[in-house]
Every structure is written in C-alpha cells, then in structure tokens.
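So the structure is just underneath, and the comments pick up after that.
A quick note: this is a predicted structure, and the numbers were derived from the prediction, not measured. First listed ligand is number 1; within each ligand, the first listed atom is number 1. Heads up: numbering here begins at 1 and tracks the sequence.
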Amino acid sequence: EKGGYEFFMLKEMYEQPQAVGDTLNPRIKDGNVVIEELGMSDDEIRSIRKIYMIACGSAYHTCVSAKYVFEGLARIPVEVDLASEFRYRHPIYEPDTLAIIVSQSGETADSLAALREAKEHGIKVLGIVNVVGSSIAREADNVMYTWAGPEIAVATTKAYSTQLIAHYLLALKFAKARGEIDDTQMAEMVEDLKKLPGQIEMLLENKKRIQKFANRYLATEHVFFIGRGLDYAISLEGSLKLKEISYIHSEAYAAGELKHGTISLIEEDTLVTAVATQEELYKKTLSNIQEVKTRGAFVLAVTNEGNTEIEKTADYVIYLPKTNKYFTNSLAVVPLQLFAYYVSLGKGLDVDKPRNLAKSVTVE
Ligand code: M6R
C-alpha cells in the first residue's frame, strides 16, 4: 500500500501536487475563487471585523502563515491561537468575528474544545478539515474540506500543503469581496495558484541533492531555522518537521530576534536554515545570515531563483521558482520536508511513526 515508497511520508510528499490541485481546482471558476461551502454572502464577508485562526501543531503553522496572507491581501485583523491556549484564555469575544479551526484529522481534542468554546460564545465557526465527517467537520457551522486524501505518516505533509491552499482561497475570496483586490489582480493570483502543483513537483525532483546534504547532518545536535514574515511561518514548520522525525533539537526564530538571545547558541558548524523568499525583507535576512556566518554557522538558504548573490554568504542554496509573494510557503516547505525526511531515514529511524507521537491527538 506504500506504492513502492519506503515510507508513507515520502509517498505523501509525492502526492502533494495532486492533493494541492484537488483542493484548488474545484474552487476556481473563470479566474475567480468560488467557495460554495463557505455559506457566507459577500455582504456577510464584508461585515467580518476579526478572524480567530485556531489549531495545533502543523495546522497551527498554516494559521501563522494565513495571518500574513489575510492581513496582507484582505486587510482583516487576524488573531492566531494554539487551540490548547485559546480554550482556556478567556478571549474577548466581539460581534462580527469569525473563527477558523484547522485540522487534518478533525478529531484533535484541543481544537474541538476551542471550536465548542467559540460556538458557545456565539462566534461563527468555519472548519478547514481533511477527514470527511469527522467531529470538527460535523460541529463547525460550515466546513471547507482539504482534499488531501488519507494521510498515514504522523508527520503531516500533504494535509499541511492543502491547508495552505484553503487559506489562500479564503483570503482571495475575502479580499475580493472587500474590494481590496480587483478582477485583474484576482486573475493573476489565481494563475499563480494554478502553477503551484507543477512547481511543487519540480521541487520534489531535488530529492537526491537534499538527501546527500542531509546525510552530512545525521550526527548534528542542534539546528536553527530563521526567516522573517511568511519565511518565519515556514521556519516553524521546517523546524517541527525535523525535530518530530529526526529527534534533533531544532528551533525556529524570527530572524530579527536572533540578537535578543538565540545568537549565543551559534557555534562553529551549527546548521542554520535561512528562508528568504520575501523580497522586501531579503536584505534584512541576508544581514542576519551574515551575522550567524561570522559566528561560524553553516548556512543552508532557501530563496527565490535569481537571488544568486546569496551564494556569497550562504554555504548551500536551494532556489524556488517564482510565485506570488503570498504563496511562497507552498514551495519553501518542499525542501524542508525532504531535509527532515532524509535525516530521519539516514538515522535509520521509523520515519512514519516517530516515538511518543500519535497521528491524531484525541486526548488533552
Ligand atoms: O489532525 P490535526 O491537524 O488537528 O493535528 C494537529 C497536529 O497534531 C499535527 O499537525 C502535528 O503537529 C503533526 N504531527 C505535525 O507533523
């Protein structure tokens, strides 16, 4: 059933182009985004004044990404919460708020409790869920399915990628309804979305090169991921993926925070993965790369094609094809997933079933 792949995780990474296409295509009509299951008119969308985005783990990371995308494109304030925090923090509920709960399994105990908490306070809940008919799908007021298909590996890959797509579609729909983007901008961004499956497929072809690189880091003890803006959001995911399946201690930092403590941990040969896809922040991240290099770090950089001058500073560079600045996480995640996978594989670990973890966390 692994279809010739050594582990489900690799199979599921390879299913990403299909899963992303399946989540995207039914919701694109004539250069426009159509989300029938949203159950909200344009007037209702315009009346929303705040969005809570609530989830756990990787699903939470897609919410961190989505905050940048929603606020950037649709200009709606977004509060991102870990479900385990939201359910106990007594948020200040206001009218015209929407809560979006994101979950692959639809059974995560904290996410379900957060959903109930929001509903009890009269907040409308939209679920972004992968498992059809799951508890979160049933209890949410409306549900937008991610069509990733069954995900077996504990480390999520294709479900994560489809959650990003659901967020982009919603952000575009909201941006359009609120007059923040016009038809031309919408059509251009839709074109960029349609290119993502092919671009993801292309990035997966890097696997041999990334495996070779990963094999050099099997004995490493600490890895740091840095980035700014959306590149910070993807760093969180890259770091979780690595620690989850390779048991290497890793942390993600907003690159601007390095100076506030973390940089003291950088020594000769510490691996730092720097993501720099956001052109307006590129120079800033580049100078953070320089700072860690000066302290002896080995830097793996992920950036957009064309940014070749980064090779003067970073030791190893992975280039991503061009896309809209709001969609880069969908591409940057691929090399980070491959890196985590090959470190785990190289260490001889059970990639699909890391110790102490369950696929679906149904207890608090
Ligand atoms: O089923 P869910 O999306 O609600 O699960 C949330 C997290 O438990 C999940 O994303 C977890 O962090 C993954 N194992 C990460 O790869």
For atom NZ of Lys359, decide whether the heavy atoms of other residues, nucleotides or ligands shown that lie under 6.0 angstrom number more than 12.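 Yes, NZ of Lys359 has more than 12 neighbouring heavy atoms, counting only those of other groups under 6.0 Å.
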What are the two closest non-hydrogen atoms of Gln278 and Arg228, and how far apart are they?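 Closest approach of Gln278 to Arg228, heavy atoms only: CG-O, 4.1 Å.
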Who are the ring-ring contact (aromatic ring centres under 6.0 Å, His included) partners of Phe8, not counting sequence neighbours?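 Checked Phe8 against ring-ring contact (aromatic ring centres under 6.0 Å, His included); zero matches.
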My understanding is that only residues two or more places apart in sequence, or in another chain, count here; which of them pass side chain to side chain donor-acceptor pair (under 3.5 Å) with Glu79?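 Here the qualifying residues are Lys50, Arg89.
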is_close_aromatic(Phe327, Tyr168), centroid dist under 6.0 Å: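 Judged by ring-centre distance (under 6.0 Å), Phe327 and Tyr168 do meet the cut-off.
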Shared-cluster residues of Val34, by chain and number - hydrophobic side chains joined below 4.5 Å: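 For Val34, no cluster forms, as it stays isolated from other hydrophobic side chains.
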Which protein N or O atoms sit under 3.5 Å from any N or O of ligand 1? Give atom names and distances.
unit_1   : atom_1 : unit_2 : atom_2 : d
ligand 1 : 1 (O)  : Ser105 : N      : 2.8
ligand 1 : 1 (O)  : Ser105 : OG     : 2.7
ligand 1 : 1 (O)  : Thr108 : OG1    : 3.4
ligand 1 : 3 (O)  : Gln104 : N      : 2.6
ligand 1 : 4 (O)  : Ser103 : OG     : 2.6
ligand 1 : 4 (O)  : Thr108 : OG1    : 2.4
ligand 1 : 10 (O) : Ser58  : N      : 3.1
ligand 1 : 12 (O) : Ser58  : N      : 3.3
ligand 1 : 14 (N) : Val154 : O      : 2.9
ligand 1 : 14 (N) : Glu244 : OE2    : 2.5
ligand 1 : 16 (O) : Ser58  : OG     : 3.4
ligand 1 : 16 (O) : Thr156 : N      : 3.0
ligand 1 : 16 (O) : Lys241 : NZ     : 3.0
ligand 1 : 16 (O) : Glu244 : OE1    : 2.7
ligand 1 : 16 (O) : Glu244 : OE2    : 3.1

